[in-house]
Amino acid sequence: MTANLTEDSSPASGSAIRVLKFGGTSMGGGERILESARLVLAAGGSPVVVVSAMSGVTNQLEALRIGQYAPIEELERRHLEAARTILGEGPGRDGLERAIRARLHTVREGLADREGLAGKDGLEAEQGLAVDPVSDEIRSAGEDLSVLLMTAALSRLGHRARVVDARSIVRTDDRVGGAVPDDDATVELSRHRLLPLVDEGVTPVIQGFVGASADGRTTTLGRGGSDFTAAIIGAALGAPEVTIWTDVDGIYSADPGQIPAARILPELGYEEAVELAYFGARVIHPAAAKHAVGRKVALRIRNSFHPERPGTLIRIDRRGTPGVAALAFKPRVGLLTVRSRPMFMAYGFLARVFEVLTRNRVPVDLVATSHTSTSLTVDRDAPLDRVLSELDAFAEVELQTGMATVSAIGAGLLRIPGVTGEVFRALDDLPVHLISQATDTSLSFVVDEERASEVIRRLHAALIESRPPNPSPYHDP
Ligand code: ASP
Ligand code: MG
């Protein structure tokens with residue numbers, strides 16, 4: 001008998017786990033799902049798959065109204081059609097169709113329950129009012145249907161795959177529509193449920209976005225949360241890399257709709273990715289980027305419509321020399337300037353200002369402060385009237401709306417020789433209302449919203465177009 005000398009518990013004879021997440025457009029119909037399944041097979045190693053709902057489905061579920069069942073029939077048609085494309089007349093089609101119908105039946109029942117409740121309270125049902133808010137039982141249906149289709153597609157291609165319900169691995173608190181995962185529990189559950197399957201050579205297929213509270217109720221992680229699921233599972237399983245398959249070539253140096261010369265970034269450091277995600281680039285969910293940062297999992301963004309393209313790799317530290325990687329843009333910003341009233345002591349003043357903002361749940365992005373005043377940026381759509389009247393009790397307050405934030409993002413950007421000079425030259429004749437620099441990864445400007453494109457254009461030309469892409473061509477981590 002051979003002794004087990006190594007105590008090696010690495011899965012599937014040591015082949016690396018690859019977590020692959022497919023977004024809504026990569027799951028957009030039967031053909032797309034088959035194509036995504038082929039990408040799973042091509043990935044090699046031991047794949048673990050996380051899927052979003054088919055594009056548009058979560059929106060449709062959230063828009064469901066009491067008494068209106070036609071959208072559910074439409075959802076059923078779309079998923080049944082995908083099932084037919086995936087399996088043809090092949091084995092398993094009846095079962096798949098039954099499972100699709102059954103899940104949508106529970107959505108109908110969920111709505112009918114609401115109708116019953118509303119009926120007791122009054123006329124809502126007759127008036128087709130919103131199911132307010134739709135429950136996570138309903139909201140999660142899109143991902144529940146997607147795992148069925150992806151598993152069928154993998155089987156059709158001769159690959160062993162099995163649905164693992166995200167509710168059995170992603171443990172969360174019980175906030176409806178925006179639950180927060182319990183990291184330790186999720187790590188343990190993921191390993192416990194997924195590794196044995198992976199060891200057997202079976203690919204687990206898991207709903208993104210969906211989880212469950214400790215008492216077993218369905219929860220969801222907030223819109224766009226499938227990326228977050230993939231990052232959590234990748235970290236839990238110690239995967240070196242998580243691939244986010246989407247419908248763009250990667251992360252751009254600026255919005256290509258606004259700046260035609262914008263280019264794909266081959267690599268981005270974590271800090272840069274987190275700053276970018278918060279300051280406007282919607283390619284990846286900020287919580288996913290943040291979670292990956294904490295757990296040191298690399299994320300690769302790739303285009304499932306062009307899998308031959310390398311995409312953007314987000315890793316702990318970008319290689320190459322410091323440089324401005326990208327410009328981010330946030331519209332609809334309000335600039336709040338506060339000064340303590342003369343009869344109040346300056347001591348404790350800022351704490352009081354932040355107390356008012358926190359109590360009214362108004363997040364602050366940027367702060368700049370001088371001896372006499374403090375300026376902060378807030379979301380213009382936040383409940384600012386209340387904030388203004390509460391601040392007025394102890395501060396002179398001014399609110400300027402019609403602002404936007406433009407941020408230059410790049411690790412070590414202040415160490416780039418001449419960079420500040422270039423910035424100020426580029427913005428020379430444009431009014432800048434606030435400059436803020438809290439880390440050496442971002443430098444932000446508050447400008448008039450109507451001048452923001454001009455600011456971005458000039459900064460992109462001065463800081464990015466004038467330099468070669470960084471780092472030069474793609475290497476593997
Ligand atoms: N289907 C969910 C949404 O549309 C989650 C996701 O796609 O990431 O928000
Ligand atoms: Mg998404």
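In each ligand, atom 1 is the first atom listed, and ligand 1 is the first ligand listed. Every value quoted in this text rests on a predicted model; they were computed, and no experiment measured them.
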Engineer: Please state which option from E143, R223, M27 has its nearest heavy atom closest to atom 5 (C) of ligand 1.
Structural biologist: E143
Engineer: Checking side-chain polar atoms at under 3.5 Å, does T203 have a donor or acceptor matched by the opposite partner on R18?
Structural biologist: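 Their side chains do not contain a donor-acceptor pair, so the 3.5 Å distance test is not met.
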Engineer: Just jot down the ligand 1 atoms closer than 4.0 angstrom to any heavy atom of F209, in number order.
Structural biologist: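 Per the distance check, 2 (C), 5 (C).
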Engineer: Does D365 pair with K330 as a salt bridge, N-O distance under 4.0 Å?
Structural biologist: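 Salt bridge between D365 and K330, a charged N being under 4.0 Å from a carboxylate O: yes.
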Engineer: Can you see whether R302 engages T246 through a side-chain donor-acceptor pair at a distance of less than 3.5 angstrom?
Structural biologist: no
Engineer: Check this for me - ligand 1, K21, N or O atoms closer than 3.5 angstrom, yes or no?
Structural biologist: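 Such a contact does not occur with ligand 1.
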Engineer: Where the side chain of Q207 meets the backbone of A166, is there a donor-acceptor pair that is under 3.5 Å apart?
Structural biologist: yes
Engineer: Is it possible for you to check whether R359 lies under 6.0 Å from the centre of the six-membered ring of F354, through NZ or CZ, and within 45° of that ring's axis?
Structural biologist: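 Here R359 fails the 6.0 Å and 45° test against F354.
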Engineer: R171: what forms a side chain to side chain contact (heavy atoms under 4.5 Å, CB included) with it, not counting sequence neighbours?
Structural biologist: D182, A185, T186, L189, A214
Engineer: Within the structure, does G224 bring an N/O atom to less than 3.5 angstrom of an N/O atom in ligand 1?
Structural biologist: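 So ligand 1 has an N or O lying under 3.5 Å from an N or O of G224.
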Engineer: State if G225 counts as touching ligand 1 under the rule of any non-hydrogen atom under 4.0 Å.
Structural biologist: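 A heavy atom of G225 does come that close to ligand 1.
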Engineer: At a 4.0 Å threshold, what atoms of ligand 1 neighbour a non-hydrogen atom of S226?
Structural biologist: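 Contacts of ligand 1 toward S226, numbered from 1: 5 (C), 6 (C), 7 (O), 8 (O).
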Engineer: Tell me whether S52 has any N or O atom under 3.5 angstrom from an N or O of ligand 1.
Structural biologist: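 Yes; the residue has a nitrogen or oxygen that sits under 3.5 Å from a nitrogen or oxygen of the ligand.
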